[in-house]
Enquirer: 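Before we start, here is the structure in question, set down as structure tokens.
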Amino acid sequence: MIQAAAVLPALSLIAACGSSENSARPLRISAIPDQDPDVLTEREEAFAQYLATKLERDVEYVAVPDYSASVAQLGTGDLDLVFYGGLTGVQARKQSPDVTIIGQRDIDATFTSTFIANSDSGIEPVSDVAGLSVYAGKRFTFGSETSTSGRLMPSSFLAEAGVEESDLAGEPGFSGSHDKTIELVQAGTYEGGAVNSQVWKSRLEEGTIDTAKVIAVLESPTFHDYHWILREEAEKDFGDGFAQKLKDVLFAMHEDEAGKSVLELYKAGSIIDAKPEDYARIEEAAEKLDLLG
């Protein structure tokens, strides 16, 4: 069962203009803590400032300690708009069925995971999911236990190759983030792992991966992943039509320079529509791992 966690200190970003909506309180936004905290904070602060300007209201970024806290705090009303992974989004909708899916990044319609291995593990790149059988009997780490691209879908793809989590050497690791998974596999603490392909590619471009020590084994088939969810009471708190107003702002981000700068932090070109049925595969995989509570 998901337990509520205390909200960490919030970072307030105030719009130059006063609120034009019914509620004077800030719009509270958050995101699952799936990567380096400094990178995440920079992105979410920039997003909050952009929304504050466009919506003409105060917007507050609230950091959360873990994935479960982001789900719990949306349900209790401590968060209004959260950037979830596919699984945490499904969990949030299970807990609060009347929430609204606002949209997803253009890259989220065809998201992938990347399986990696330590160079001394004896594991070589493979050409398809069936080849993931090479991880049987290996020390393997996922990211967070409820990460879509760092655990849920990698576990599903391993199962397609005939490798259940129980077939790995010992208990699988759960690093807590994609960056940490890369570091652990690079150090040889684990022979293999799976990460968000976006993070893997970004780290390669930045030159922060030692490619002599860790290699890419396979980029997975595609699946829907990250998306924004708005709490069900938003229309009452911020005025009728608020969800559509928010969608209009997000779907037009790519049309101005400030919006493009924020989208670059999300590694996206635009924000597009999303619907519940996009995540049917995620829900099915989560049920098999008993992650829906």
Side-chain angles (χ1 to χ4, degrees), residues 31-43 67 85 105 107-108 110-223 225-226 264-269:
I32 55 172
D34 63 343
Q35 57 184 298
D36 182 280
D38 292 337
V39 174
L40 186 68
T41 298
E42 178 188 6
R43 185 190 74 190
Y67 285 41
R105 300 171 302 177
I107 60 174
D108 287 313
T110 54
F111 212 78
T112 62
S113 298
T114 294
F115 288 84
I116 61 176
N118 183 275
S119 298
D120 294 330
S121 66
I123 297 173
E124 300 289 342
V126 299
S127 60
D128 55 28
V129 169
L132 295 176
S133 59
V134 295
Y135 286 104
K138 299 294 186 180
R139 300 188 311 278
F140 191 96
T141 184
F142 297 105
S144 166
E145 290 187 62
T146 53
S147 169
T148 305
S149 57
R151 194 277 179 100
L152 179 67
M153 295 312 296
S155 183
S156 179
F157 292 128
L158 284 170
E160 284 186 38
V163 182
E164 302 294 338
E165 292 186 6
S166 59
D167 295 322
L168 302 170
E171 294 292 323
F174 294 102
S175 70
S177 76
H178 304 292
D179 291 299
K180 187 64 174 178
T181 294
I182 294 170
E183 292 166 10
L184 289 171
V185 175
Q186 183 170 284
T189 306
Y190 291 92
E191 293 167 289
V195 298
N196 171 327
S197 292
Q198 177 196 23
V199 173
W200 174 257
K201 292 171 183 177
S202 294
R203 291 281 301 268
L204 284 175
E205 292 171 1
E206 294 163 2
T208 57
I209 293 176
D210 188 342
T211 52
K213 295 181 178 179
V214 60
I215 63 168
V217 176
L218 177 73
E219 184 173 357
S220 77
T222 62
F223 50 90
D225 201 350
Y226 292 81
E264 285 179 6
L265 297 175
Y266 282 97
K267 310 300 181 184

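Values in this document were obtained by computation on a predicted structure and should not be read as measured data. Positions are given from 1, in the same order as the sequence printed here. Just so you know, these numbers use all the heavy atoms, side chains as well, and skip hydrogens, waters and symmetry mates.
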Enquirer: Show me the pairs that pass ring pair (Phe, Tyr, Trp, His ring centres under 6.0 Å) and involve residues 146-171, at least two apart or across chains.
Expert: none
Enquirer: Is there side-chain contact between Phe223 and Thr148, with at least one heavy-atom pair below 4.5 Å?
Expert: yes
Enquirer: Using the test ring pair (Phe, Tyr, Trp, His ring centres under 6.0 Å), find all partners of Phe140 that sit at least two apart in sequence or belong to another chain.
Expert: Tyr135, Phe142
Enquirer: Under the rule for side-chain hydrogen bond (donor to acceptor under 3.5 Å, both in side chains), what residues qualify as partners of Arg105, not counting sequence neighbours?
Expert: Asp108, Gln198
Enquirer: For Arg139 and Glu171, what are the C-alpha separation, side-chain angles and deciding distance, and is it a salt bridge (charged side-chain N to carboxylate O under 4.0 Å, His left out)?
Expert: CA-CA 8 Å; Arg139 300 188 311 278; Glu171 294 292 323; over 6 Å; no
Enquirer: With the side chain counted from C-beta on, respond yes when Tyr67 and Pro33 share a heavy-atom pair under 4.5 Å apart, and no when they do not.
Expert: yes
Enquirer: Using the side-chain hydrogen bond (donor to acceptor under 3.5 Å, both in side chains) criterion, which residues pair with Thr181? Sequence neighbours excluded.
Expert: Ser175
Enquirer: Write out all pairs satisfying salt bridge (Lys or Arg N to Asp or Glu O under 4.0 Å) with one or both partners inside residues 121-130, taking only residues at least two apart or from two chains.
Expert: none
Enquirer: List, one per line, each side-chain donor-acceptor pair under 3.5 Å for residues 210-220, sequence neighbours excluded.
Expert:
| unit_1 | atom_1 | unit_2 | atom_2 | d |
| --- | --- | --- | --- | --- |
| Asp210 | OD1 | Ala212 | N | 3.0 |
| Glu219 | OE2 | Thr112 | OG1 | 2.7 |
| Glu219 | OE2 | Lys201 | NZ | 3.3 |
| Ser220 | OG | Ser113 | N | 3.0 |
| Ser220 | OG | Ser113 | O | 3.4 |

Enquirer: Glu160: what forms a salt bridge (charged side-chain N to carboxylate O under 4.0 Å, His left out) with it, not counting sequence neighbours?
Expert: Arg281
Enquirer: Thr141: what forms a side-chain hydrogen bond (donor to acceptor under 3.5 Å, both in side chains) with it, not counting sequence neighbours?
Expert: none
Enquirer: Indicate yes or no: at least one non-hydrogen side-chain atom of Asp36 is less than 4.5 angstrom from one of Ser177.
Expert: no
Enquirer: Taking side chain as C-beta onward, heavy atoms only, is Ser202 less than 4.5 Å from Lys267?
Expert: yes
Enquirer: Restricting to ring pair (Phe, Tyr, Trp, His ring centres under 6.0 Å), what partner residues turn up for Tyr266, sequence neighbours left out?
Expert: Phe47, Phe83, Trp228
Enquirer: May I ask you to test the Pro154-Phe115 pair for a side-chain heavy-atom distance under 4.5 Å?
Expert: yes
Enquirer: Show me the pairs that pass ring pair (Phe, Tyr, Trp, His ring centres under 6.0 Å) and involve residues 186-206, at least two apart or across chains.
Expert: none
Enquirer: State, with a plain yes or no, whether a side-chain heavy atom of Asp179 is found less than 4.5 Å away from one of Arg203.
Expert: yes
Enquirer: Do Leu265 and Glu42 have side chains that get closer than 4.5 Å, going by heavy atoms?
Expert: yes
Enquirer: By side-chain hydrogen bond (donor to acceptor under 3.5 Å, both in side chains), which residues pair with Arg43, not counting sequence neighbours?
Expert: none
Enquirer: Sequence neighbours excluded, which residues qualify as salt bridge (charged side-chain N to carboxylate O under 4.0 Å, His left out) partners of Glu164?
Expert: none
Enquirer: Would you say that more than 12 heavy atoms from the other residues, nucleotides or ligands in this model lie under 6.0 Å from the NZ of Lys180, or not?
Expert: no
Enquirer: So do Ile32 and Thr146 actually touch side chain to side chain, heavy atoms under 4.5 Å?
Expert: no
